[in-house]
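These values consider heavy atoms only, across backbone and side chains, with no hydrogens, waters or symmetry-generated copies.
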Amino acid sequence: MKLLYRIGDYFKTKQVLELGTSLGTGTISLSLAANQVRTVEGSAEVASYARERFREFKLENVQVSQQTFDQFFKELSNTRSEERYDLIYIDGHHDGTATLDYFEKILPHCHEDTVVILDDIYWSQGMTKAWKKLQKHSKVTVSIDTYDWGIIFFRPQQRQQAFHIKL
């Protein structure tokens with residue numbers, strides 16, 4: 001999770017969206033680098049556990065949304081249509097089709113300097129297919145494949161390139 005913190009810090013992220021809180025380890029890393037982190041977790045029990053951890057660490061810049069990703073996106077499109085994120089970390093619902101759907105839903109909330117990190121890009125054949133498709137997406141200019149993570153950039157001044165880095 002040190003790398004997640006370092007990426008957030010390097011890009012001077014202010015607003016972060018995390019899809020999939022789990023135990024909150026990634027959230028904690030991101031919260032140390034960003035002004036505000038909004039994390040979405042579908043499981044009430046897991047969200048409650050994560051909230052307790054955030055209180056223990058006195059993290060006041062973390063907002064936990066306990067809802068499904070689909071519920072979150074519906075609310076986001078209805079109430080926060082102008083909200084933009086500097087970093088989006090997708091670490092939940094490791095399904096290729098769902099990942100492609102979530103990617104399309106986050107696009108209106110990205111700007112040209114947004115960094116998108118997808119976890120577990122080789123989790124399954126479906127996730128790998130989704131990752132390969134996203135690398136060629138017309139809005140994606142740079143993709144970095146670290147085997148565990150896929151990192152996406154949207155900088156329109158850059159030609160489309162794909163990099164593979166073994167960490």
Side-chain angles (χ1 to χ4, degrees), residues 1-42 46-47 50 54 59 61-65 68-70 72-73 76 83-124 126-156 158 160-167:
M1 290 297 128
K2 286 181 186 178
L3 182 57
L4 193 56
Y5 161 78
R6 292 180 71 186
I7 291 170
D9 186 56
Y10 179 82
F11 289 105
K12 302 192 182 343
T13 56
K14 291 178 179 52
Q15 294 290 105
V16 173
L17 172 63
E18 177 186 45
L19 298 177
T21 312
S22 190
L23 302 178
T25 308
T27 316
I28 292 168
S29 298
L30 291 166
S31 74
L32 298 173
N35 293 357
Q36 186 67 38
V37 178
R38 180 155 188 200
T39 183
V40 182
E41 175 57 49
V46 173
F54 304 150
L59 300 177
N61 63 334
V62 176
Q63 177 189 359
V64 180
S65 295
T68 67
F69 297 166
D70 287 332
F72 168 76
F73 284 118
L76 187 66
E83 194 163 333
R84 300 285 184 269
Y85 296 98
D86 304 307
L87 189 149
I88 299 173
Y89 181 44
I90 303 175
D91 184 19
H93 196 181
H94 301 307
D95 172 81
T97 303
T99 298
L100 293 172
D101 181 52
Y102 301 146
F103 185 80
E104 291 298 328
K105 288 177 179 173
I106 65 170
L107 284 177
H109 306 283
C110 295
H111 52 76
E112 69 179 35
D113 292 320
T114 298
V115 178
V116 176
I117 302 172
L118 296 113
D119 196 25
D120 297 325
I121 57 174
Y122 292 101
W123 177 273
S124 65
M127 283 296 291
T128 303
K129 283 182 185 178
W131 169 241
K132 300 295 181 195
K133 190 169 185 174
L134 290 176
Q135 286 179 295
K136 295 176 180 153
H137 192 283
S138 62
K139 301 252 185 207
V140 173
T141 56
V142 174
S143 62
I144 301 172
D145 184 327
T146 71
Y147 188 73
D148 289 323
W149 287 347
I151 305 173
I152 290 174
F153 298 88
F154 301 101
R155 298 185 172 152
Q158 202 165 350
Q160 198 170 52
Q161 293 178 285
F163 298 94
H164 299 269
I165 299 173
K166 193 171 191 174
L167 297 178

Please confirm whether the backbone N or O of Trp123 pairs with a side-chain atom of Asp120, one donor and one acceptor, at under 3.5 Å? no
Strictly by modelled atom types, are Gln15 and His109 linked by a side-chain donor-acceptor pair under 3.5 Å? no
Find out whether Ile7 and Asp9 are in side-chain contact, i.e. whether some heavy atom of one side chain is under 4.5 Å from a heavy atom of the other. no
Check whether any side-chain heavy atom of Lys132 sits under 4.5 Å from a side-chain heavy atom of Thr128, and report yes or no. yes
Quick one: which residue pairs count as a ring pair (Phe, Tyr, Trp, His ring centres under 6.0 Å) with a foot in residues 6-34, not counting sequence neighbours? Phe11-Phe153
Search all heavy atoms of Leu87 against all heavy atoms of Gly8 and return the closest pair with its distance. CD1-CA, 4.0 Å
With heavy-atom distances below 4.5 Å as the criterion, would you say the side chains of Thr39 and Tyr89 are in contact? no
Establish, from distance only, whether the side-chain atoms of Tyr122 and Asp145 form a donor-acceptor pair under 3.5 Å. yes
Least distance between heavy atoms, Glu41 atom then Val46 atom: CD-CG1, 3.7 Å
Got more than 12 heavy atoms from elsewhere within 6.0 Å of CZ, Arg155? yes
Measure the NZ-OG distance between Lys129 and Ser124 for me, rounded to the nearest 0.5 Å. 9.5 Å
Pairwise side-chain contact, Ile152 with Leu134, heavy-atom cut-off 4.5 Å (strictly under): yes
Hey, could you give me the OG1/NZ distance between Thr97 and Lys133, rounded to the nearest 0.5 Å? 9.0 Å
Just by distance, with hydrogens left out, do Tyr85 and Glu83 show a side-chain donor and acceptor under 3.5 Å apart? yes
Taking Glu112 for the side chain and Phe154 for the main chain, is one N or O donor matched with an acceptor at less than 3.5 Å? no
Look up atom CZ in Phe72 and atom NZ in Lys105, then write down how far apart they are to the nearest 0.5 Å. 11.0 Å
Is it true that a side-chain atom of Gln160 and a backbone atom of Val140 form a donor plus acceptor pair closer than 3.5 Å? yes
Mind checking the CD1-OG1 spacing from Ile121 to Thr99? Nearest 0.5 Å is all I need. 11.0 Å
Using residues 28-36 as the side-chain source, report each donor-acceptor pair under 3.5 Å to any protein atom, sequence neighbours left out, with the distance given to one decimal.
from  : atom 1 : to    : atom 2 : distance (Å)
Ser29 : OG     : Met1  : O      : 3.3
Ser29 : OG     : Thr25 : O      : 3.3
Ser31 : OG     : Ile28 : O      : 2.8
Gln36 : NE2    : Asn61 : O      : 3.3

Under 3.5 Å side-chain donor-acceptor pair for Glu18 and Thr27: yes
List the steps and the verdict of side-chain contact (heavy atoms from CB on, under 4.5 Å) for Gln161 and Phe163. CA-CA 7 Å; Gln161 293 178 285; Phe163 298 94; 3.8 Å; yes
For the residue pair Leu118 and Val116, establish whether any side-chain heavy-atom pair is separated by less than 4.5 Å. yes
Evaluate the side-chain proximity of Asp70 to Asp101: yes if any heavy-atom separation is below 4.5 Å, no if none is. yes
How long is the straight-line distance from CG of Asp86 back to NE2 of His111, given to the nearest 0.5 Å? 4.0 Å
Any chance the side chains of Thr114 and Arg84 put a donor and an acceptor closer than 3.5 Å? no
Can Gln158 and Val142 be said to form a side-chain contact (heavy atoms from CB on, under 4.5 Å), step by step? CA-CA 8 Å; Gln158 202 165 350; Val142 174; 3.3 Å; yes
What distance do Ile151 atom CD1 and Ser143 atom OG have between them, rounded to the nearest 0.5 Å? 10.0 Å
Check: Ile165 main-chain N/O paired with Thr146 side-chain donor or acceptor under 3.5 Å: no
Do the side chains of Tyr147 and Lys166 get nearer than 4.5 Å, heavy atoms only? no
Take Val40 and Phe73 through the test side-chain contact (heavy atoms from CB on, under 4.5 Å) and record every step on the way to the result. CA-CA 10 Å; Val40 182; Phe73 284 118; over 6 Å; no
Look at the rings of His137 and Phe103 and say which category their plane angle falls in: under 30° parallel, 30 to 60° tilted, over 60° perpendicular. perpendicular
Which atoms form the tightest heavy-atom contact between Gly96 and Ala130, and what is the distance? O-CB, 3.5 Å
